[in-house]
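So that we are looking at the same thing, I have put the structure below in structure tokens.
Letters A, B, ... are given to chains in the order of the sequence lines, protein chains preceding strands, and every chain is numbered from 1.
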Amino acid sequence: MSARKAFYVTTPIYYVNDAPHIGHAYTTVAGDVLTRWHRQRGEQVWYLTGTDEHGTKVERTAEANGMSPADWTHKLVHESWLPVLATLDVANDDFIRTTSGRHRHGVAVFWQRLKDNGYVYEDVYEGPYCVGCEEFKLPGDLIESSDGEQLCPIHSKPVEMLSERNWWFKLSAFTEPLLEHYKRHSHAVEPKSAYNEVVSFISSGLSDISMSRSAVSWGVPLPWDSDQVVYVWFDALLNYITAIGFGASPDTPEGERFDRIWPADVHLVGKDILRFHAVYWPAMLMAAELPLPRKVFAHGWLLVGGEKMSKTKLTGIAPSQITDTFGADAFRYYFMSAIHFGQDGSFSWEDMHARYTAELANGLGNLVSRATAMVVKYCDGILPEPGPYTNADRNLQDSLLAASERADSAMMRLDFSAGIAAIRGFVEAVNLYVTEQEPWKLAKDDEQTPRLHTVLYVMCESLRAIAVLYNAVMPAAMTSVWSRIGALPHLGPLAERDVTEVSRWGQLPPGALVAKGGALFPRIEETP
RNA sequence: GGGGCGGUAGCUCAGCUGGUUAGAGCGGCGGACUCAUAAUCCGGCAGGCCGUGGGUUCGAGUCCCACCCGCCCUACCA
């Protein structure tokens, strides 16, 4: 058992009141690709996702549906949120629910510690409150409706005036420490535009913030004041530590796990929740004397028809709408390759279909077909021994080395589209190689048999490398390739192959049994 | 109001510190080939007032100013 620090990646925990859409799926897939890649570098990895289940909105929806909040969230988690992970082929190590005992316990321990450390005090607050946002608004935040009513600018719904005796977190104490931290760690928030936004916000000075609610019952009670619950955001953020054992004593297995996994290496977040993760969260951790996350990465929006995807505009798309037609692998491939991670990206069915057809069906899928078909046809499905290599063969090996190095460096910096582009470039090089070497002509001349065998071997050995490189993105399809080229009995499970050794030539042994399967990515004629 | 980002071929986007005829992929057209999912490979073509209007410069998509449009952050007056 290794004591190495695990590479720890998190998604936001998703608010159960929403239906899962491709925006949620996008974040989750990104984390899955990232963690699968790191696992294939031989690293210890921990990948966490989960659900955020407390707050007034959930409480009211449950009530409207005639259920208790506990029953209501249980139903949503099991009918909507957990199935999405299976739909997308996500290999998370854990799934945290804020309603779970370990989380509620950890939250109580955490805030008690902050109170003991002197960062929590009592005060009265009066002001407009938006239930949709679950937060107090400043009068200046509000917009006025046509009939003079004060509305929340985000939800365009009337605010409620509340006067509360609350507990407050001394956020103001962390203005300078946070600035110092971000000055020292200029990559702790990415992309750069997000970093600049965060630093600029902190520079303008931080105000203390209310961390509890008295009018809400669906939440985690304060350990020292059972009339109040922890404000939902200051409950939710803690999932990143409660899930891995915070709150357990250090000599227990849970406590040891916390020490091995924390701090997070990457918090993946949408840019809408950047401030919570890059300002409030690190301040809370400082107050608790815990290490800070190494990176918060804010990705962009998925745009549909040029606008941010939205349920009210009927542009919200469920992941299954896409996977039912194209499959989970194509879903993962499309969103990771077509959109530069960190920027907004356009989704359209036309683009999805076009890239699927060109890059997966005609490009990669067809390459697998032609390689396996020829080994079956010319060599009875037994991978032949290669003869002497020519320049063409060596050039292809060189391009594999270059592609794998570029892919690794891109994946390490979360530039998924560049990583995939590097691998796709190698696939295209192999297709070109096949066309130029014309093995079907070599097959017609017995004297050319050694050369034919070399070409067929190069093709299959290339597929071996492609399967390893693409496994993080398309695990199911690449597992199929792994099996078709007969790699499994000789090389073991695909997921255990190290991406940093992928370019070492000659790993697939001659004699491997090659089989032709059905279309890896069948052509799809109709678009929904 | 202030700040930031984006507005480049039909579509999605590259174009660093200004320099010869502004690029890629996809789509469209032509050719080669037949192992393969009518796939692959090659070639050319098309076609873009590089958001608008000024300015600096021998020369600007690339710098400066103003403005228009989209989005984000932030502040706020009646």
Task: Structure string for RNA chain B in dot-bracket form, Watson-Crick and G-U at under 3.5 Å, | interchain - done: (((((((..((((.....[...))))...(((.......)))........(((((..]....))))))))))))....

Open item on the list: Tell me every residue that passes side chain to side chain contact (heavy atoms under 4.5 Å, CB included) with Ala358(A), counting only those two or more places apart in sequence or in another chain.
Closed with: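 Ala358(A) satisfies side chain to side chain contact (heavy atoms under 4.5 Å, CB included) with no residue once adjacent residues are dropped.
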
Open item on the list: Say we look at rC63(B) and rG70(B): how far apart would their P atoms be, to the nearest angstrom?
Closed with: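 Roughly 24 Å separates the two P atoms.
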
Open item on the list: Could you tell me how far apart Leu303(A) (CG) and rC72(B) (C1') are, to the nearest whole angstrom?
Closed with: 12 Å

Task: All pairs passing salt bridge (Lys or Arg N to Asp or Glu O under 4.0 Å) where residues 171-181 of chain A contributes a residue, at least two apart - done: Glu180(A)-Arg184(A)

- [ ] Keeping to residues at least two apart or across chains, list the salt bridge (Lys or Arg N to Asp or Glu O under 4.0 Å) pairs with something in residues 513-523 of chain A.
- [x] Arg523(A)-Glu525(A)

TODO: Check the distance between rG25(B)'s C1' and His340(A)'s NE2 and give it to me in whole angstrom.
DONE: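 About 16 Å, once rounded to whole Å.
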
For nucleotides 34-40 of chain B, print each protein N/O atom paired with a nucleotide N/O atom at under 3.5 Å, atom names and distance only.
residue: rC35(B); atom: O2; partner: Arg370(A); partner atom: NE; Å: 3.2
residue: rC35(B); atom: N3; partner: Arg370(A); partner atom: NE; Å: 3.3
residue: rC35(B); atom: N3; partner: Arg370(A); partner atom: NH2; Å: 2.6
residue: rC35(B); atom: N4; partner: Arg370(A); partner atom: NH2; Å: 3.1
residue: rA36(B); atom: O2'; partner: Asn366(A); partner atom: OD1; Å: 2.6
residue: rA36(B); atom: N3; partner: Asn366(A); partner atom: ND2; Å: 3.1
residue: rA36(B); atom: N3; partner: Arg370(A); partner atom: NE; Å: 3.4
residue: rU37(B); atom: O2; partner: Phe521(A); partner atom: O; Å: 3.4
residue: rU37(B); atom: O2; partner: Arg523(A); partner atom: N; Å: 3.4
residue: rU37(B); atom: N3; partner: Phe521(A); partner atom: O; Å: 2.9
residue: rU37(B); atom: O4; partner: Gly365(A); partner atom: O; Å: 3.2
residue: rU37(B); atom: O4; partner: Leu520(A); partner atom: N; Å: 3.3
residue: rU37(B); atom: O4; partner: Phe521(A); partner atom: N; Å: 3.2
residue: rA39(B); atom: OP1; partner: Arg523(A); partner atom: NH1; Å: 3.1
residue: rA39(B); atom: OP1; partner: Arg523(A); partner atom: NH2; Å: 2.8
residue: rA39(B); atom: O5'; partner: Arg523(A); partner atom: NH1; Å: 3.3
residue: rA39(B); atom: O2'; partner: Asn366(A); partner atom: OD1; Å: 3.1
residue: rA39(B); atom: O2'; partner: Asn366(A); partner atom: ND2; Å: 2.4
residue: rU40(B); atom: O2'; partner: Arg370(A); partner atom: NH1; Å: 3.2
residue: rU40(B); atom: O2'; partner: Thr435(A); partner atom: OG1; Å: 2.5

Open item on the list: My understanding is that only residues two or more places apart in sequence, or in another chain, count here; which of them pass side-chain hydrogen bond (donor to acceptor under 3.5 Å, both in side chains) with Gln507(A)?
Closed with: Arg497(A)

Task: Residue pairs fulfilling salt bridge (Lys or Arg N to Asp or Glu O under 4.0 Å) with at least one residue in residues 406-423 of chain A, sequence neighbours excluded - done: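 For residues 406-423 of chain A, and leaving out neighbouring residues, the salt bridge (Lys or Arg N to Asp or Glu O under 4.0 Å) pairs sorted by first residue read Arg41(A)-Asp408(A), Arg413(A)-Asp415(A).
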
Open item on the list: If you take the centroid of each ring, where Trp contributes its six-membered ring, are Phe335(A) and Phe347(A) closer together than 6.0 Å?
Closed with: yes

Task: Ring centroid separation Phe297(A) to Phe341(A) under 6.0 Å - done: yes

- [ ] Evaluate the side-chain proximity of Met286(A) to Leu178(A): yes if any heavy-atom separation is below 4.5 Å, no if none is.
- [x]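 Sidechains of Met286(A) and Leu178(A): in contact.
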
TODO: Under the salt bridge (Lys or Arg N to Asp or Glu O under 4.0 Å) rule, collect the residues that match up with Glu461(A), sequence neighbours excluded.
DONE: Arg464(A)

TODO: Determine the Euclidean distance between corresponding P atoms of rG15(B) and rU57(B); express it in Å to zero decimal places.
DONE: 29 Å

TODO: Can you tell me, in whole Å, how much space there is between the P of rG2(B) and that of rA75(B)?
DONE: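 Those two atoms are separated by 15 Å.
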
TODO: With C1' as the reference atom in both, quote the distance from rG55(B) to rG18(B) in angstrom, rounded to an integer.
DONE: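 After rounding to an integer number of Å, I get 15 Å for this pair.
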
Task: Along RNA chain B (nearest heavy atom to each residue), the more 5'-positioned of Ser204(A) and Glu359(A) - done: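 Its nucleotide being nearer the 5' end, the pick is Glu359(A).
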
Task: With sequence neighbours excluded, residues passing side chain to side chain contact (heavy atoms under 4.5 Å, CB included) with Asp446(A) - done: none

Task: Span that lies between the C1' atom of rG51(B) and that of rC69(B), in whole angstrom - done: 8 Å

Open item on the list: What's the gap between rG43(B) and rC29(B) when it is taken at their C1' atoms, as a whole Å value?
Closed with: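 It comes out at 11 Å once rounded to the nearest Å.
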
- [ ] Among residues two or more places apart or on two chains, list those pairs meeting ring pair (Phe, Tyr, Trp, His ring centres under 6.0 Å) that have a residue in residues 171-213 of chain A.
- [x]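 Of all non-adjacent pairs touching residues 171-213 of chain A, those that pass ring pair (Phe, Tyr, Trp, His ring centres under 6.0 Å) are Tyr119(A)-Phe174(A), Phe169(A)-Phe174(A), His181(A)-His185(A).
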
TODO: Write down the distance separating the P atoms in rU52(B) and rU62(B), rounded off to the nearest Å.
DONE: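 About 11 Å, rounded to a whole number of Å.
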
- [ ] Not counting sequence neighbours, which residues clear side-chain hydrogen bond (donor to acceptor under 3.5 Å, both in side chains) with His267(A)? List them please.
- [x]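 Partners of His267(A) under the side-chain hydrogen bond (donor to acceptor under 3.5 Å, both in side chains) test: Thr10(A), Trp281(A).
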
- [ ] Would you mind building the protein contact string for nucleotides 5-13 of chain B? One character per nucleotide, 5' to 3', B for base within reach (heavy atoms under 4.0 Å), S for sugar-phosphate only, - for untouched.
- [x] -------SS

TODO: Could you state the atom-to-atom distance from CH2 of Trp301(A) to C1' of rG70(B) in whole Å?
DONE: 16 Å

Open item on the list: Would you measure the distance from the P atom in rA66(B) across to the matching atom in rC71(B) and give it in whole Å?
Closed with: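 Taking atom P in both rA66(B) and rC71(B), they lie 22 Å apart.
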
